[in-house]
Number of protein chains: 2
Amino acid sequence: MRKDSRLSRMLHVLIHMDHLDGPATSEKMATMLSTNPVVVRRTMAHLRDQGYVASVKGHGGGWTLAVPLSNITLLDIHQALGDSSVFTIGLTDEHTNCPIEIAVNLAIRDAMEQAEALLLERFKQVTLDKLTAGFADFQAEHHEPSPVE
Amino acid sequence: MRKDSRLSRMLHVLIHMDHLDGPATSEKMATMLSTNPVVVRRTMAHLRDQGYVASVKGHGGGWTLAVPLSNITLLDIHQALGDSSVFTIGLTDEHTNCPIEIAVNLAIRDAMEQAEALLLERFKQVTLDKLTAGFADFQAEHHEPSPVE
DNA sequence: AATACATGTAACTTTAAAAGTTTCATGTAT
DNA sequence: ATACATGAAACTTTTAAAGTTACATGTATT
Ligand code: FES
Ligand code: FES
């Protein structure tokens, strides 16, 4: 099962965007994430649809933050990326009349719902500006303002 | 991403095994789960390695419970199946020196670890005998003792 | 001993969704 | 007109569970 690294990637990118003057192009973000510009556009499109970023076409265009980092939580980005299940664990659906399958699935689902609720609650408590601690120091010591290594 | 339905399937099978007189063959379990005997053997092998079931080769052989259902928790079976990650969410590993990637991954990992801890705690609180409620009634009303529909 | 049955295991193919890629249309600043 | 950048369609690749095929090994019955 391939892991979904979109949340991790988008958070990284959003925070770097906050330190830039102009728009960030998909090309530069792709280089930073060691991936393809189309993957960046595809994923960023979800965030644009929810109003967290804006995109501008053409010369000098690119992506910019539309909302301050302090107003965006991990939960916001997680939900913007779609409501796919957070768990690799799935429930069977072969004997919907079987009381054992029903009881088993109920027990697993109950535990998963509680765990997911806690996960989302934790995501909700973290705004993106809280993740920038120590960046200024690092930037001065190691490399230029560009997020590209 | 394909879901891992092994936990759900194995729990269903184990509880049905408790209602049988003799051993259950991989063939019958496969029919019950709408799958292949080899898939059953492969998955059951994990439970045998941890001592929850026993297998007997040859004529009249098959699988039997080695421990009472009241002594097995969802957590036991979950862990017996291997320690693969419970989440579809993955962390990036492209800029291990970047303080932002570090902070982002730390925040996501922290939330996931708390959520997983809660999930496993819930799994630990449910023994398999608690999932059999109402099965006797159902069995009498709907079909023969065989777990095969 | 022969047979039927059942597990054990190796070596594949299939599946689903994110990720990756190629290609071209559209829009915009210089 | 040109260079730059997003938008989007139409693919291929990747990963681990699931599924499949084939055969060796072991065991109860006859
Ligand atoms: S398959 Fe569970 S009761 Fe028939
Ligand atoms: S890529 Fe995050 S600081 Fe350079």
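Per chain, numbering begins at 1; letters A, B, ... match sequence-line order. Not measured: the values here are computed from a predicted model. These numbers come from the heavy atoms of this one structure, side chains and all, not from hydrogens, waters or symmetry mates.
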- Message: I need the B:Asn105 CG to A:Leu11 CG distance, nearest 0.5 Å.
- Response: 9.0 Å
- Spacing of B:Asp4 atom CG relative to C:dA16 atom C1', expressed in whole Å: 14 Å
- So what does B:Ala24 hit on the nucleic acid, given a heavy-atom distance under 4.0 Å: a base, only sugar-phosphate, or nothing? sugar-phosphate
- Task: For B:Ser5 and A:Thr92, indicate whether the former's side chain and the latter's backbone hold a donor-acceptor pair under 3.5 Å.
- Result: no
- Query: When you check the phosphate oxygens OP1 and OP2 of C:dT7, does a side-chain N or O of B:Arg41 lie under 4.0 Å from one of them?
  - Reply: yes
- Message: Testing the 3.5 Å rule here: is there a donor-acceptor pair between the side chains of B:Asp76 and B:Thr73?
- Response: yes
Any protein N or O atoms within reach of nucleotides 12-15 of chain C? Criterion: under 3.5 Å, listing atom names and distances.
| residue | atom | partner | partner atom | Å |
| --- | --- | --- | --- | --- |
| C:dT15 | O4' | B:Arg2 | NH2 | 3.2 |

- Message: Can you classify the ring geometry of A:His16 versus A:His12 as parallel (below 30°), tilted (30 to 60°) or perpendicular (above 60°)?
- Response: tilted
- Query: Is any side-chain N or O of A:Arg6 closer than 4.0 Å to OP1 or OP2 of C:dG20?
  - Reply: no
- Message: Can you see if the side chain of A:Thr35 gets near the phosphate of C:dG20 - specifically, an N or O under 4.0 Å from OP1 or OP2?
- Response: yes
- Message: Donor-acceptor pair, distance only, cut-off 3.5 Å: does the side chain of B:Asp110 make one with the backbone of B:Ala107?
- Response: no
- Any donor-acceptor pair under 3.5 Å from B:Ser34 side chain to B:Ala30 backbone: no
- What integer distance in Å separates B:Lys3:NZ from D:dA17:C1'? 13 Å
- Message: Could you list the cluster mates of B:Leu118? Members are the ILVMFWY residues connected by side-chain heavy atoms closer than 4.5 Å, either directly or through other members.
- Response: A:Leu118
- Message: Measure CG/A:Asn36 against C1'/D:dG7 and give the value in whole Å, please.
- Response: 14 Å
- Regarding the side chain of A:Thr25, the nearest nucleotide among D:dA5, C:dG20, C:dG8 is D:dA5
- Message: Partner lookup for C:dT30, please. Criteria are Watson-Crick or G-U wobble with both distances under 3.5 angstrom; report none if nothing qualifies.
- Response: D:dA1
- Nearest-angstrom distance from the residue atom CG of B:Leu7 to P of D:dA16: 20 Å
- Item | Nearest-Å distance for atom pair CD/C1', residues A:Glu27 and D:dC4 | 11 Å
- Item | Main-chain N/O of B:Phe87 paired with A:Lys3 side-chain donor or acceptor, under 3.5 Å | yes
- Task: Could you state the atom-to-atom distance from NE2 of A:His46 to P of C:dA18 in whole Å?
- Result: 9 Å
- Query: Over how many whole Å does the gap from B:Arg48 atom CZ to C:dA6 atom P extend?
  - Reply: 17 Å
- Query: According to a strict under-4.0 Å criterion, is B:Thr88 in side-chain N/O contact with OP1 or OP2 of C:dA18?
  - Reply: no
- Message: Heavy-atom count check: over 12 atoms from other residues, nucleotides or ligands less than 6.0 Å from B:Asp93 CG?
- Response: no
- Task: Using only side-chain N and O atoms of B:Ser5, determine if any of them is under 4.0 Å from OP1 or OP2 of D:dA17.
- Result: no
- Grab the CZ-C1' distance between A:Phe87 and C:dA16 for me, whole Å please. 20 Å
- Report the C-alpha distance between B:Leu14 and B:Ile77 in whole Å, list the side-chain angles of each, state the deciding distance to 0.1 Å, and finish with yes or no for side-chain contact (heavy atoms from CB on, under 4.5 Å). CA-CA 10 Å; B:Leu14 288 173; B:Ile77 304 305; 3.6 Å; yes
Measure all distances between protein nitrogen or oxygen atoms and nitrogen or oxygen atoms of nucleotides 28-30 of chain D, and list the pairs falling under 3.5 Å.
| residue | atom | partner | partner atom | Å |
| --- | --- | --- | --- | --- |
| D:dA28 | O4' | B:His59 | O | 3.4 |

- Task: Consider the side chain of A:Ser55, meaning its heavy atoms from C-beta on, and name the nucleotide among D:dT6, D:dA18, C:dT7 that approaches it most closely.
- Result: D:dT6
- Is the distance from OP1 or OP2 of C:dA6 to the nearest side-chain N or O of B:Ser26 less than 4.0 Å? no
